[in-house]
Amino acid sequence: MLQVSILREQRDRIIKGLEKRRLKDAATLVDQVINLDQSRRDTQKQADDLKAKSNAEARRIGELMKAGKADEANTLRTAIASEKDQLKSLEQKLTGLEEALKVHLYKIPNVPAEKVPAGGGADDNITVHEHGSMPQLGADALPHWELIKKYDIIDFDLGIKITGAGFPVYKGKGAKLQRALINFFLDEAEKAGYREMLPPIVVNEASGYGTGQLPDKEGQMYFVQEDGLYLIPTAEVPITNLYRDVMLTEGQLPVKNVGYTPCFRREAGSWGAHVRGLNRLHQFDKVEIVQVRKAEESYQTLDEMCAHVQGLLEKLELPYRKLLLCGGDMGFNSAMTYDMEVFAAAQQRWLEVSSVSNFEAYQSNRLKLRYKNKEGKTELLHTLNGSALALPRIVAGILENNQTPDGIKIPNVLVPYCGFDKIS
RNA sequence: GGAGAGAUGCCAGAGUGGUUGAAUGGGACGGUCUCGAAAACCGUUGUGCGGGUAACCGUACCGAGGGUUCGAAUCCCUCUCUCUCCGCCA
């Protein structure tokens, strides 16, 4: 969530920024928060003053009792009664205002960074970089959902049998390719200075709020009713929440973590022909990089993280493009996001394989993730994360682009990880 | 799942209902001493919110939420979590 103080001090800039998202009623939302905050502060002042008064009176009674002046103490005691009611109602009002303030704040998405273009959807995204040449496939080229059947490496029907649609079973070389990719991605991240974390894949409610999946994206996560736990939609949730309520020292920065986890997404209502095969799943594997940075470094870090992701795609010899997302296409929490898309030649489609975002202080404000700067002042840190990488669409790209009459060629860097150079 | 114990500051660990933001010890930081270091000694060592240009002041916080009281870390209730023992188990 945004910091109220910034909302207050930079109202116009914030509204202007939010309008790049094509957010309706940006000004109304912001003003509601500012007004609620004003009432909250007024009410707190009243309550604090009244408390100061009654604290003093209580102390006075104590002194009188000690001095043996019970009569005077009792007189004072009866005089206090009306203040108590007043205090109670003030406190109720205050908690009501705080609650309302929070609800309204949760409704306001992050403010897009300066460089982010205005826009409502994918059409307004800007392609900032392209790499690699489009593979030329023969007329008999198959989309990956045909290839996986042909070579018997990924089985959707078995997944349906034991679980349901969107839960594929990886078999033989298909399974080994998954494992190879995970190891490759983790090794590359480690070389780039990231520390590997293997977190739980179910999280509690507080973690859901910490990274912003709750309250608004509740329906997109699988929920274990019995224990009140959510299956993670991305490793971002557990790995970033490691830093919830944390005060870091300067020496602990920067934080660079990487984690492999399965990811679970209910994706209710978005099922259809355009999401065939591996394009969209309920369970998939992903390696995620997460960084915690000082505010002044975070945009340089965003570039570094993109470079890392681009390096992976280049090593895998996949043609890709890099998009700077427009305001309306970014996630709720993000201030700036780059998407990486791989070209899947048989489908003739670009597939999103990574999303790298700077959340600035939006998450850390909710997480209470701070550090003490050189002047000894506590400051919110910036959080960033990116997929490096999400597996299924990478697999789709490799399968489609590398198909040959006598099998699928494994990218050279993966051969040592796979132990084979061809799926046939 | 059954039985019991507990939750206090960076850590360990006191705490009688009335200046307790909280003893004491350790750690960390600063200083004195020293050529330097150790030891010793002295000092500092919270966070949120509100008010103030500021020094500073007010307020809240001893797992969380309620309650009793003029006054709660201290008494009562509920919840959460942790630990120990037993059972089950990869």
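The chains referred to below are lettered A, B, ... by the order of the sequence lines, with proteins before strands, and numbering in each begins at 1.
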Legend entry - Which nucleotide in B/G67, B/G71, B/G18 has an atom nearest any side-chain atom of A/Lys88: B/G67

Inset, instruction - Identify the nucleotide, in any strand shown, that forms a Watson-Crick or G-U wobble pair with B/A64, with both distances under 3.5 Å; if there is none, say none. - result: B/U78

Inset, instruction - Could you check A/Asp37 against A/Lys53 and say which one's nearest nucleotide on RNA chain B is further toward the 5' end? - result: A/Asp37

Legend entry - Complementary nucleotide for B/C85 - Watson-Crick or wobble, under 3.5 Å: B/G2

Inset, instruction - Tell me whether the OP1 or OP2 atom of B/G48 has a side-chain N or O from A/Arg370 closer than 4.0 Å. - result: yes

Inset, instruction - Determine the interatomic distance between C1' on B/G21 and the same-named atom on B/C61; round to the nearest Å. - result: 9 Å

Legend entry - Proximity to the side chain of A/Lys372 - top-ranked nucleotide from B/G50, B/G71, B/G46: B/G46

Inset, instruction - Taking atom C1' in both B/A12 and B/G66, compute the distance separating them and give it to the nearest angstrom. - result: 31 Å

Legend entry - Whole-Å gap separating P (B/G48) and CD (A/Glu379): 12 Å

Inset, instruction - Measure the distance from CG on A/Asp42 to P on B/U59 and round it to the nearest whole Å. - result: 19 Å

Legend entry - Short side-chain N/O contact from A/Thr43 to OP1 or OP2 of B/G50, under 4.0 Å: no

Legend entry - Residue A/Asn55, side-chain heavy atoms: nucleotide from B/A60, B/G50, B/G67 that is nearest: B/A60

Inset, instruction - Name the nucleic acid region contacted by A/Ser54, choosing base, sugar-phosphate or nothing; use a 4.0 angstrom heavy-atom cut-off, strictly under. - result: nothing

Inset, instruction - State whether the distance check finds a donor on one side and an acceptor on the other, under 3.5 Å, for side chain A/Glu57 versus base B/C70. - result: no

Inset, instruction - Return the nearest nucleotide to the side chain of A/Asp48; candidates are B/G58, B/G71, B/U47. - result: B/G58

Inset, instruction - Mind calculating the distance between CG (A/Leu50) and C1' (B/A60) to the nearest angstrom? - result: 15 Å

Inset, instruction - Determine the Euclidean distance between corresponding C1' atoms of B/A54 and B/A38; express it in Å to zero decimal places. - result: 43 Å

Legend entry - Side-chain donor or acceptor of A/Arg393 paired with backbone N/O of A/Leu278 under 3.5 Å: no

Legend entry - Nearest listed nucleotide, side chain of A/Ala52, among B/G58, B/G71, B/G50: B/G58

Legend entry - Atom-pair distance (CG on A/Leu94; P on B/A60), nearest Å: 12 Å

Inset, instruction - Please determine, for B/A72, whether a Watson-Crick or G-U wobble partner exists with both distances under 3.5 Å, and give it or none. - result: none

Legend entry - Option passing salt bridge (Lys or Arg N to Asp or Glu O under 4.0 Å) with A/Glu250 (candidates A/Lys372, A/Arg370, A/Lys294): A/Lys294

Inset, instruction - Report the base-pairing partner of B/G27 (Watson-Crick or G-U wobble, both distances below 3.5 angstrom), or none. - result: B/U45

Legend entry - Value rounded to 0.5 Å, distance of OG in A/Ser54 from CD1 in A/Ile80: 7.0 Å

Inset, instruction - Return the nucleotide paired to B/U20: Watson-Crick means purine N1 to pyrimidine N3 with N6-O4 or O6-N4, wobble means G-U with N1-O2 and O6-N3, both under 3.5 Å. - result: none

Inset, instruction - Just name whichever nucleotide pairs with B/A38, Watson-Crick or G-U, keeping both distances under 3.5 Å, else none. - result: none

Legend entry - Residue A/Arg41, side-chain atoms from C-beta onward, closest of B/A60, B/G51, B/C70: B/G51

Inset, instruction - Quickly, which of A/Leu318, A/Ile398, A/Asp421, A/Leu181 forms a side-chain contact (heavy atoms from CB on, under 4.5 Å) with A/Pro411? Name it, please. - result: A/Ile398

Inset, instruction - Name the pairing partner of B/G50, where a pair is Watson-Crick or G-U wobble with both distances under 3.5 Å, or state none. - result: B/C57

Inset, instruction - Please check the phosphate of B/C49 (OP1 and OP2 only) for any side-chain N or O of A/Arg40 closer than 4.0 Å. - result: no

Legend entry - Rounded interatomic separation in angstrom, taking CD from A/Gln44 and C1' from B/C57: 14 Å

Inset, instruction - Measure the distance from CD on A/Glu91 to P on B/G66 and round it to the nearest whole Å. - result: 10 Å

Inset, instruction - Could you give the distance separating B/U47 and B/C10 at their P atoms, to the nearest angstrom? - result: 9 Å

Inset, instruction - For residues A/Arg22 and A/Gly120, report the shortest heavy-atom separation together with the two atoms involved. - result: NH1-N, 3.3 Å

Legend entry - Separation of atom NZ in A/Lys51 from atom P in B/C70, rounded to whole Å: 18 Å

Legend entry - Residue whose nearest RNA chain B nucleotide is more 5′ - A/Leu76 or A/Gly62: A/Gly62

Legend entry - N or O in side chain of A/Lys45 less than 4.0 angstrom from B/G52 OP1/OP2: no

Legend entry - Donor + acceptor pair across side chains of A/Ser5, A/Gln3 (<3.5 Å): no

Legend entry - Residues A/Gln347 and A/Glu400: side-chain donor-acceptor under 3.5 angstrom: yes

